[in-house]
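The structure appears below as structure tokens.
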Number of protein chains: 2
Amino acid sequence: MLAAWRELNAAHARILDALEHALQERHRLSVSEYEVLQRLAEAPEHKRRMQELADDAHLSQSALSRLVGRLETAGYVDRCICDYDRRGIWAELTDAGRAAQVEAEPTHRQVLAATL
Amino acid sequence: MLAAWRELNAAHARILDALEHALQERHRLSVSEYEVLQRLAEAPEHKRRMQELADDAHLSQSALSRLVGRLETAGYVDRCICDYDRRGIWAELTDAGRAAQVEAEPTHRQVLAATL
DNA sequence: GAGCATTATATGCACATGCAAGGATTGCGC
DNA sequence: GCGCAATCCTTGCATGTGCATATAATGCTC
């Protein structure tokens, strides 16, 4: 039980480290940032609610809010208000954001292939 | 490949969160802090070099240095200089530290049993 | 043994994260 | 329609983390 947890932890740390360094070095993206771009790329209309993204990325609301803020500053994402529930916010991938995700995808895939 | 990584990530996040909250609530310890106490408890003479502990906990040197600083402040660990290599530092579990680890162990085990 | 690269740890700094609180909107009960 | 709890997001704050650097000790080369 303890051994299994330690193995899981070790594998996670190893892969995350490799991803983090490769994505940062080659694309100036953190793993969480790339993960959000990827989820948006998969989503219908390239849109997703903030709370859904937080769940996807295993982040708190506040952490995700600031992460999307960074992506917005970078021009990768637009925030727009949900029509039928004005509390909600859609994060929507821009063309530049989609391009960045497409560019980073091979790196992501290669690192997984090498470490998983 | 991607799916496997996402599953690994999800499992890790779920278990880590549960451990973090339980250990914090019941014993005022973070997961990394408990992990270090546990490794020290397992070690011969309850002693271990800083670098080894950093590897155990998957932390950077600096993060581990400060973590041991916190454990020292709490009275759970002593730092002592290595005789035959005066650059090296042993972190040594105190009686209070050992007691804290023994007290927290059931929590750790229960959470793993419930989530793993 | 003098100089220099290497190893082991600590610290200044920047930053991402979580928690708690705030502000806005919705929906439910009456 | 009014009040009030619940939901969705943002922000102030404290803190843990990594990177780069500083300090100290070792060992290697000549």
Side-chain angles (χ1 to χ4, degrees), chain A residues 9 12-14 16-25 28-37 40 47-74 76-92, chain B residues 9 12-14 16-25 28-37 40 47-74 76-92:
Chain A
N9 225 345
H12 181 264
R14 184 171 48 80
L16 191 68
D17 246 50
L19 275 177
E20 195 72 61
H21 282 97
L23 287 173
Q24 189 63 50
E25 169 114 11
R28 303 287 146 190
L29 286 171
S30 75
V31 172
S32 297
E33 285 160 2
Y34 175 76
E35 173 88 6
V36 166
L37 293 180
L40 287 173
K47 277 179 170 182
R48 212 154 160 73
R49 295 281 293 263
M50 299 292 277
Q51 187 63 58
E52 295 173 325
L53 289 172
D55 292 343
D56 291 342
H58 309 295
L59 284 177
S60 66
Q61 270 193 356
S62 69
L64 185 97
S65 177
R66 291 185 232 256
L67 190 157
V68 169
R70 295 195 297 275
L71 293 179
E72 200 177 16
T73 299
Y76 289 169
V77 154
D78 280 336
R79 270 174 166 108
C80 47
I81 293 159
C82 178
D83 294 332
Y84 52 87
D85 183 350
R86 299 167 55 78
R87 292 169 301 184
I89 305 271
W90 294 97
E92 182 176 8
Chain B
N9 225 343
H12 181 264
R14 184 171 47 81
L16 191 68
D17 247 50
L19 274 177
E20 194 73 61
H21 283 97
L23 287 172
Q24 190 61 50
E25 169 114 11
R28 304 286 145 190
L29 286 172
S30 75
V31 173
S32 297
E33 286 160 0
Y34 175 75
E35 174 88 6
V36 166
L37 291 182
L40 286 173
K47 277 179 169 183
R48 211 152 162 73
R49 294 283 292 261
M50 299 292 277
Q51 187 62 58
E52 295 173 326
L53 288 172
D55 292 343
D56 292 341
H58 310 294
L59 284 177
S60 66
Q61 270 192 0
S62 68
L64 185 98
S65 178
R66 291 184 233 256
L67 191 156
V68 169
R70 294 196 296 277
L71 292 179
E72 198 177 18
T73 300
Y76 290 168
V77 154
D78 279 336
R79 271 175 165 107
C80 47
I81 293 158
C82 178
D83 294 332
Y84 52 87
D85 183 349
R86 299 168 54 79
R87 295 168 301 183
I89 304 275
W90 295 97
E92 182 177 7

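Just so we're on the same page: letters track the sequence lines, and every chain starts at 1. Given the structure is predicted, the values throughout are model-derived calculations rather than measurements. These numbers come from the heavy atoms of this one structure, side chains and all, not from hydrogens, waters or symmetry mates.
Atoms CZ (B:Arg86) and C1' (D:dT26) sit 12 Å apart, rounded to a whole Å. Rounded to whole Å, atom P of C:dT7 lies 13 Å from atom CZ of B:Arg49. Atom NE2 of A:His21 is separated from atom C1' of D:dA20 by 13 Å (rounded to the nearest Å). Rounding to whole angstrom units, CD of residue B:Glu33 and C1' of D:dT15 are separated by 11 Å. One interatomic measurement links the two molecules: CD of A:Glu20 to P of C:dA16, which rounds to 10 Å at whole-angstrom precision. Here the C1' atom of nucleotide C:dA16 and the CG atom of A:Leu16 are 13 Å apart, to the nearest Å. Rounded to whole angstrom, the span from the CD atom of A:Gln61 across to the C1' atom of C:dT17 amounts to 14 Å. Across the protein-nucleic acid pair, B:Trp90 atom CH2 and D:dA25 atom P stand 18 Å apart, rounded to whole Å.
You'll find the side chain of A:Leu64 stays beyond 4.5 Å of the side chain of A:Asp56, heavy atoms only. Residues B:Tyr76 and B:Val36 fail the side-chain proximity criterion, which asks for heavy atoms closer than 4.5 Å. Residues B:His12 and A:Asn9 meet the side-chain proximity criterion, which asks for heavy atoms closer than 4.5 Å. Using a 4.5 Å heavy-atom threshold, the side chains of B:Leu16 and B:Val31 count as touching.
Within residues 64-72 of chain A, the residues approaching DNA chain C are A:Arg66, A:Arg70, by heavy-atom distance under 4.0 Å. Listed by residue number, A:Asp85 are the residues of residues 78-85 of chain A with a heavy-atom contact under 4.0 Å to DNA chain C.
Residues passing the side-chain hydrogen bond (donor to acceptor under 3.5 Å, both in side chains) test with B:Arg70 are B:Glu33, sequence neighbours excluded. For A:Gln51, the side-chain contact (heavy atoms from CB on, under 4.5 Å) partners at least two apart in sequence or on another chain are A:Ala54, A:Asp55, A:Gln61. A:Arg86 is linked by a side-chain contact (heavy atoms from CB on, under 4.5 Å) to A:Ile81, counting only residues two or more places apart in sequence or in another chain. With sequence neighbours excluded, the residues satisfying side-chain hydrogen bond (donor to acceptor under 3.5 Å, both in side chains) with A:Arg87 are A:Asp85. Residues meeting the side-chain hydrogen bond (donor to acceptor under 3.5 Å, both in side chains) test with B:Gln24, sequence neighbours left out: none. By the side-chain contact (heavy atoms from CB on, under 4.5 Å) test, A:His58 is found to be paired with B:Ala10, B:Ala13, residues two or more places apart in sequence or in another chain being considered. Applying the side-chain contact (heavy atoms from CB on, under 4.5 Å) test to B:Leu59 and every residue at least two apart in sequence or in another chain returns B:Ser32, B:Ala57, B:Ala63, B:Leu67. Residues meeting the side-chain hydrogen bond (donor to acceptor under 3.5 Å, both in side chains) test with B:Glu72, sequence neighbours left out: B:Arg79.
Using a 4.0 Å cut-off, some side-chain N or O of B:Ser32 falls inside it from OP1 or OP2 of D:dT17. Side-chain nitrogen and oxygen atoms of B:His58 include none within less than 4.0 Å of the OP1 or OP2 phosphate oxygen of D:dG18.
A:Gln51 comes within 4.0 angstrom of the backbone, heavy atoms only, and of no base.
With hydrogens and angles ignored, the 3.5 Å screen pairs no side-chain donor or acceptor of B:Glu25 with any backbone N or O of B:Ala22.
Counting atom types as modelled, A:Ser62 pairs no side-chain N or O with a base atom of D:dC9 as donor and acceptor under 3.5 Å.
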Look for any protein N or O under 3.5 Å of an N or O in nucleotides 1-3 of chain D and output each such pair with its distance, or none.
none

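Axis deviation across the helix from C:dG1-D:dC30 to C:dC30-D:dG1 amounts to 20°, comparing end segments of five pairs, rounded to 10 degrees.
Among the nucleotides D:dG18, C:dG18, D:dC8, the one closest to the side chain of B:Ala63 is D:dG18. For B:Arg87, the side-chain atoms get nearest to C:dT7 when compared with the rest of C:dT7, D:dT7, D:dT17. For B:Ile89, counting side-chain heavy atoms from C-beta on, the closest listed nucleotide (C:dA10, C:dT6, C:dT25) is C:dA10.
The neighbour count for A:Arg14 CZ, taken as heavy atoms of other residues, nucleotides or ligands under 6.0 Å away, is above 12.
Minimum interatomic distance between B:Trp90 and B:Lys47 (heavy atoms only, all atoms of both residues): CE3-CB, 3.7 Å.
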